[in-house]
Amino acid sequence: MLEQQLKQFTVRAFKQEFDAAVTEAEVTINITKKEHTGDFTVVVFPLIKYSKKNPEQTAQWLGDKLKVESGIVTEYNVVKGFLNLTLAHSYWQNKLNEIALNINYGVFTPNHQKVVLEYCGPNTNKPLHIGHVRNMLLGYAMGEILKANGFDLTKVNIYNDRGINISKSMVAYQRYGNGATPQSTGIKGDHFVGDWYVKFGEVVKSELEVIPNKPEDKDEAAKLTPIFKEAQEMVQKWEADDAETLALWKQMNSWVYEGFQETFKVLGIDFQKDYYESETYKLGKDIIEEGLQKQVYKKRADGAVIVDLTRDGLDEKVLLRSDGTSIYITQDLGTAELRHKEFGMDKMIYVVANEQDYHFKVLKLALQKLGKQWADGIYHLSYALVESPTGRFKSREGKTADADDLIAEVLRIAEAKTKELGKIEELTDEDLTELYRIIGLGALKYFILRVNPYKKIIFNPEESIDLHGHTGPFIQYTHARTCAVLRKAGKAEFSKTTYPQILQAEERELIIHIAEYENVLRSAADKYDPSEMANYLYQLAKLYNKFYHEQPILTALTEQEKQFRLLITQQTGRLIKQGMKLLGIDVPEKM
RNA sequence: GGCCUCGUAGCUCAGUUGGAUAGAGCAACAGCCUUCUAAGCUGUGGGUCAGGGGUUCGAAUCCCUUCGGGGUCACCA
């Protein structure tokens, strides 16, 4: 890495000249702002305490030293305490060539660290909504970024397939379903089951009307209705392995899984392993036992097992009910341990909404207190909710929050817009359908992934899917544009050309940015933040479009310039494709 | 109420291990297609970085405080 090289050089220079122990962390090097001349800027203010000179003198001295001795700095200028360095043209030309020749640029060598990444985590009583979409896109992209960083990744999903929620759908279906199926009704499986969940709510409401003296609290009141009691009995029958109940449960869940599979496929997400709460909900009791033996957990007077986290700034947290049955955290403890046995992972990442920040703090601490070192590798990739302009999406607000409807809508917009532009007459119907898919999903995915995970997203279905400006289709378009230029140029081995004597400003900026790709890739993994890659790719596309408009490529004045610009074009297209792939976004060759 | 978190242009977002005159897109307005894809490019206007205080050569960034939004504080998941 170049910044690293410059830092090391600076550290050595201070050592030689002033016998000062400057650390690399104290040397700040930024890409030079565009209103100043230069490629990189050293901020010298923090260094003057070592040089014992004023900022200008220090910068002057370091600039001279770099120019004379580094071999790559050809010019420098000093503005206040900022030392702007310009690197040799040949340096950037060689850099581009080096990147072009390296088929592994942007793919780090394996680091032999295992990561388990859990994402999606749906309930099986209703279809996926926009919150799941953010989760899935974020989880998938994070996984791809980690893979490109050399991690050995396993993506897993966990289905919350049991309990009161699915029982509600089951009861409503049992009462009113008359043997209908997704096939007989033509409704996608998860929506079919979700409709019965909605039906359950409606029945509760109507049954409530005839109940006298009901409590103020609506949830409490609902528990008095006959249908709610049936649902509770359904849970008990399920836990008692009642055959009829289990058969119905399996049937309804299988419909849901078929529906989910379809959505996963459209979104292009995948998992290497599925977990089911029905299989893991009893796990965790041995961990509780272990905690009690190690006297890390305590049994309270009422019999509940707790962990005291008051010293960690949290509270006492119940880990096991007083009747000895497990709760949510119990099984999460057990599932974590199970996965550690299965995978021996170094990191385990949970992509879960920020509503559960507290839960994951507890989970990690509870495991760490048992001395399980692998718990240090637990990371909660917390993300904020997706809200509508009027506030939080509620499932009963209807269609706008539904994942499948949302996807259908963006595909529709992509199709309408593409037809309006009418540039792609030569494509077959099949190719066109594929193009609408690429563009529509590109718009949706990019819209969500460009935002830092911890920030909430305001999603306005009418306006959010734009195809211009800072959007996925803009980046896709830029890729298609590089392809068009390369097609016209014919096949050529651009990297074996000699280079023009001088670099144009647009060429230089673009190459500097191309050379930053691996830094961004690493940072996105370190910070668990795919939006860094998303924003980088936008900058890359923007720089290319500027270059494209300012500098003739195929009609460049000299053959050398032409070949060089084709190489820039090729590498830009390559990195856009590569980077977008990490975000789960395909790019077309024509659009 | 305790804890966590967010507040940057009319709107959606970058920028936060402290660095130069805070950047993009959308929307508005004005230009650029007989030349490589105009889903593009160029320009104009638009800011008390929620308010106040502090630390520092330097603060959108760190600390304190006030206000506003969200989350959480279950033997629910």
Side-chain angles (χ1 to χ4, degrees), chain A residues 25 28 30 32-36 41 43-46 48 54-55 79-82 84 121 123 160 163-165 219 277 300 302-306 313-315 317-332 353-359 361 382 384-385 387 389 391-392 414 417-418 420-421 423-424 439 443 447 450-452 454-460 463-464 466-478 480-489 531-532 534-535 538-539 541-542 544-546 548-556 562 565-566 569 590-591:
Chain A
T28 304
N30 303 320
T32 304
K33 295 210 162 196
K34 62 171 177 258
E35 58 267 30
H36 297 280
T41 297
V43 183
V44 298
F45 292 107
I48 58 173
N54 69 34
V79 180
K80 291 189 271 182
F82 299 92
N84 301 314
N123 289 339
N160 301 302
I164 189 68
N165 287 321
D219 290 341
E277 191 196 326
R300 224 163 44 184
D302 61 6
V305 177
I306 57 117
L314 307 179
D315 302 308
K317 179 75 192 170
V318 172
L319 301 178
L320 191 71
R321 286 198 186 96
S322 52
D323 65 3
T325 57
S326 46
I327 49 180
Y328 183 49
I329 188 124
T330 323
Q331 60 169 305
D332 262 7
N354 65 6
E355 298 165 313
Q356 298 197 34
D357 286 354
Y358 184 82
H359 172 77
K361 279 184 194 166
S382 170
L385 298 175
E387 294 181 6
R392 190 169 174 170
K417 185 66 191 177
T418 305
E420 191 185 313
L421 288 172
K423 293 195 297 188
I424 29 66
I439 295 172
F447 181 81
R450 61 177 261 230
V451 181
N452 199 311
Y454 70 79
K455 291 204 174 178
K456 70 180 175 202
I457 290 180
I458 310 291
F459 188 86
N460 183 342
E463 295 167 12
S464 292
D466 202 338
L467 309 178
H468 299 272
H470 189 178
T471 65
F474 169 85
I475 301 169
Q476 292 172 320
Y477 175 78
T478 308
R481 175 175 261 175
T482 65
C483 290
V485 173
L486 294 170
R487 264 198 307 274
K488 284 239 162 112
S531 75
E532 290 199 6
N535 285 300
Y538 172 66
Q539 288 303 326
K542 221 167 120 64
Y544 181 80
N545 282 319
K546 184 171 183 172
Y548 175 89
H549 279 274
E550 299 293 324
Q551 304 294 341
I553 301 169
L554 297 173
T555 55
K562 178 179 163 185
R565 288 174 188 167
L566 282 169
T569 299
K590 293 178 183 174
M591 69 184 273

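Note: hydrogens, waters and symmetry copies are ignored here, and every other heavy atom, side chains too, is used. Per chain, numbering begins at 1; letters A, B, ... match sequence-line order.
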Minimum-distance nucleotide (side-chain atoms of [X] versus [options]):
| X | options | value |
| --- | --- | --- |
| V451(A) | rG69(B), rG40(B), rC13(B) | rC13(B) |
| H549(A) | rA20(B), rC41(B), rA38(B) | rC41(B) |
| K456(A) | rG19(B), rG69(B), rC41(B) | rG69(B) |
| D302(A) | rC41(B), rA14(B), rC75(B) | rC75(B) |
| H468(A) | rA39(B), rC75(B), rC13(B) | rA39(B) |

Can you tell me, in whole Å, how much space there is between the [atom1] of [N] and that of [M]?
| N | M | atom1 | answer |
| --- | --- | --- | --- |
| rU16(B) | rU61(B) | P | 12 Å |
| rG68(B) | rA50(B) | P | 16 Å |
| rC26(B) | rU5(B) | C1' | 27 Å |
| rA14(B) | rG25(B) | P | 16 Å |
| rC64(B) | rU55(B) | C1' | 11 Å |
| rA30(B) | rG46(B) | C1' | 16 Å |
| rG52(B) | rC41(B) | C1' | 44 Å |
| rC67(B) | rC29(B) | P | 42 Å |

Starting from [atom2] on [N], measure out to [atom1] on [X] and report it in whole angstrom.
| X | N | atom1 | atom2 | answer |
| --- | --- | --- | --- | --- |
| Y454(A) | rC13(B) | OH | C1' | 11 Å |
| E550(A) | rA38(B) | CD | P | 14 Å |
| E35(A) | rA22(B) | CD | C1' | 11 Å |
| K361(A) | rC4(B) | NZ | P | 7 Å |
| Y328(A) | rU72(B) | OH | P | 13 Å |
| K562(A) | rU35(B) | NZ | C1' | 14 Å |
| D357(A) | rG70(B) | CG | C1' | 12 Å |
| I48(A) | rG19(B) | CD1 | C1' | 13 Å |

Find the distance between [atom1] ([X]) and [atom2] ([Y]) and round it off to the nearest 0.5 Å.
| X | Y | atom1 | atom2 | value |
| --- | --- | --- | --- | --- |
| Y328(A) | H359(A) | OH | NE2 | 4.0 Å |
| F447(A) | I457(A) | CZ | CD1 | 6.5 Å |
| T41(A) | N84(A) | OG1 | CG | 4.0 Å |

Could you tell me if R450(A) sits above the aromatic ring of Y538(A), with its cationic atom closer than 6.0 Å to the ring centre and no more than 45 degrees from the axis? no
Please report the closest heavy-atom contact between P55(A) and G81(A), naming both atoms and the distance. CB-CA, 3.9 Å
What heavy-atom pair brings P552(A) and A556(A) nearest, and what distance separates the two atoms? O-CB, 3.7 Å
Pick the nucleotide of RNA chain B nearest each of A480(A) and N160(A); which residue has the one closer to the 5' end? A480(A)
Whichever of L554(A) and T28(A) has its nearest RNA chain B nucleotide further upstream toward 5': T28(A)
Between D302(A) and S322(A), does a side chain to side chain donor-acceptor pair (under 3.5 Å) hold up when you go through it step by step? CA-CA 6 Å; D302(A) 61 6; S322(A) 52; 5.4 Å; no
Is there a side-chain polar atom (N or O) of [X] under 4.0 Å from OP1 or OP2 of [N]?
| X | N | answer |
| --- | --- | --- |
| R481(A) | rA38(B) | yes |
| Y477(A) | rA39(B) | yes |
| H359(A) | rA77(B) | no |
| K33(A) | rA20(B) | yes |
| K455(A) | rG69(B) | no |

Base, sugar-phosphate, or nothing for [X], non-hydrogen atoms under 4.0 angstrom?
| X | answer |
| --- | --- |
| S322(A) | base |
| P55(A) | nothing |
| R300(A) | base |
| E532(A) | nothing |
| D315(A) | sugar-phosphate |
| N30(A) | nothing |
| V43(A) | base |
| F82(A) | base |
| L467(A) | base |
| Q539(A) | nothing |
| K34(A) | sugar-phosphate |
| I439(A) | base |
| I327(A) | sugar-phosphate |

Syn/anti state for rC33(B) [syn: chi within 90° of 0]: syn
Tell me whether the side-chain N or O atoms of [X] pair up with the base of [N] as donor and acceptor below 3.5 Å, since no angle test is needed here.
| X | N | answer |
| --- | --- | --- |
| N84(A) | rA20(B) | yes |
| T555(A) | rC36(B) | no |
| T41(A) | rA20(B) | yes |
| H470(A) | rA24(B) | no |

Taking it one step at a time, do T569(A) and Y544(A) satisfy side chain to side chain donor-acceptor pair (under 3.5 Å)? CA-CA 8 Å; T569(A) 299; Y544(A) 181 80; 3.0 Å; yes
Between rG40(B) and Y548(A), is there a base-stacking contact, meaning the centre of the base's six-membered ring lies under 5.5 Å from the residue's ring centre while the planes stay under 30° apart? no
Is Y538(A) stacked on the base of rA24(B), meaning ring centres closer than 5.5 Å and planes within 30 degrees of each other? no
Test side-chain contact (heavy atoms from CB on, under 4.5 Å), reference L320(A), set I327(A), V305(A), I329(A), output is V305(A)
Show the numbers, then the answer: is there a ring pair (Phe, Tyr, Trp, His ring centres under 6.0 Å) between F82(A) and H36(A)? CA-CA 10 Å; F82(A) 299 92; H36(A) 297 280; 7.7 Å; no
